[in-house]
Visitor: 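First, the structure itself, so that you have it in front of you.
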Amino acid sequence: MIEFKNVSKDYPSGTHALHNINLKINNGDFVFVVGSSGAGKSTFLKLIMAEEKLTKGEIVVDGIRMSKLKRRKVPFLRRKMGIVFQDFRLIEKMTVYDNVAFAMRCVGASNKTIKTRVPYILKLVGLGSKIKSKPNQLSGGEQQRVSLARALVNNPEIIIADEPTGNVDPEMSHEIIDLLSEINKQGTTIIIVTHEHDLVKEFGKRVIEIHKGKIIHDTKLERKSAEDIELMSSYDQEISDDELSPLLKIDQESPEEVQELPVQKLRMLNKMAEEYTTPKKPKTKVEEAVENIDKIVEEIETDDREDLIHTVTLDPAKIKRIIAADREKKEKDAQVDSVIDSLR
Ligand SMILES: Nc1ncnc2c1ncn2[C@@H]1O[C@H](COP(=O)(O)OP(=O)(O)OP(=O)(O)O)[C@@H](O)[C@H]1O
C-alpha cells in the first residue's frame, strides 16, 4: 500500500509543488492521476519513486517510510517498481532484447532466467518479432512497448507510468492502457499520469485530480460518499406493507428488526425472500435421481463414499433409462407447447 500523510513538496527554487496531500493507494489499485501542466503530477510520482525528497509529512510505500529512506536503500525500493516514461528512455545502442535484459541484469538475474523471461515478456507486449531491432528502427508505440516490457520484466508490485501514451497515436494509447489493465488484473498496482481525458473516461478507473499542488477530486472518495448518501437517504423512505410482507413471512420472529431495515437493503432481501418462497418448477427425473444420490452419499461414512459413487456410476443402464425417460417427457411437453402456441 502507498499512503500519503500530510505530504508537501517545495523545490529549492521556492516552488510549492504539492500541499498537504493525503491519500491511500491499495495494493492492486489502478489509478489515473490527472491535472493541468505544472499541477504537480510528476512530482507526485517522483516522491513515490524517491526521485525527490518530501519536504513535510510522510509517505509509506509497503511499510517503507520515505522520510527515513537512505539514498543507498533507494534501489531496494525501486525493485518493487516498474517505471515507464513518456520519452521511453531506451538505450539506443542496444537491441530490444538487450534493453529489456539490461533491467534484469541490474537486479542480478541469472543468464538462464534472462534467456527465458525476456522473450516471454516481449511476446506479451506484442514485440516477439522485433527482438533484434534497435530502438530507432521502431515506431513510437513499439518503443513504448519495449519500455513497458522493461518495466514488467522484474515482476514489479507497482507500475508507475508518467504520460506513457504521450508520444503514441490514439489507437496505440488504447492498447497500452489495455495491456496495463490486464497486468493490473494479476494484482499489480498501476499508477498512470496522463493528460488524455478520453482515455481516462473510457477505462472508468479511479481518478485523482491534482490542481496547483492539491488534490481536488478523487473518484474513490466520491463514490464512497455517494454510496453513503444513498444508504442514509434510504432510511427516510416510506415502506409499504406490501413491500414488507415477503420478508415478514420468513422472519416472523423479529418483525421489528425487519421494519427498521433501510429500504435499499429491504428490497434486496425481499427479492431473495420471494425467490425462496416461490415454488420451484417440478424437478425432472434426472434432477430427482441426482438429488437422491447426493442425499445417500451424504449419509454414508466418508470411507464408504468412494465405493458408493463407484456403484452408482457403474450402473450405466439404469442412468441411461432415466435420461431416456426424461428426454421423452421433455420432447412430448415441447410438442404440446408448440401446438398450444400455434393455436394462440
Ligand atoms: N526540479 C524542479 N525544480 C524546481 N521546480 C520544479 C522542479 N520540477 C518541477 N518543478 C515545478 O513544480 C511544479 C510542479 O511540477 P510537475 O512537473 O510536478 O508538474 P506536472 O503536473 O507533472 O506538469 P506537466 O504536466 O507539465 O508535466 C511546477 O511549477 C514546476 O515548474
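When reading the values below, keep in mind they use all heavy atoms of this one structure, side chains included, and skip hydrogens, waters and symmetry mates. Order of appearance sets the numbers: ligands from 1, and atoms from 1 within every ligand.
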Visitor: Restricting to pairs with a member in residues 6-23, which pass salt bridge (charged side-chain N to carboxylate O under 4.0 Å, His left out), not counting sequence neighbours?
Guide: Lys9-Glu52
Visitor: Output all residues satisfying salt bridge (charged side-chain N to carboxylate O under 4.0 Å, His left out) with Glu142, sequence neighbours left out; order by chain, then residue number.
Guide: Lys130
Visitor: CD1/Ile25 to OG1/Thr189 distance, rounded to the nearest 0.5 angstrom?
Guide: 8.5 Å
Visitor: So, the side chain of Asn26 versus the backbone of Asp29: is there a donor-acceptor pair under 3.5 Å, distance only?
Guide: no
Visitor: Parallel, tilted or perpendicular: which describes the rings of Phe4 and Phe44, with under 30° parallel and over 60° perpendicular?
Guide: parallel
Visitor: Sorted by first residue and then second, give each side-chain hydrogen bond (donor to acceptor under 3.5 Å, both in side chains) pair with at least one member in residues 65-78; sequence neighbours left out.
Guide: Glu58-Arg65, Glu58-Ser67
Visitor: Taking non-hydrogen atoms within less than 4.0 Å of ligand 1, which protein residues qualify?
Guide: Tyr11, Ser13, Thr15, Ala17, Ser36, Ser37, Gly38, Ala39, Gly40, Lys41, Ser42, Thr43, His195
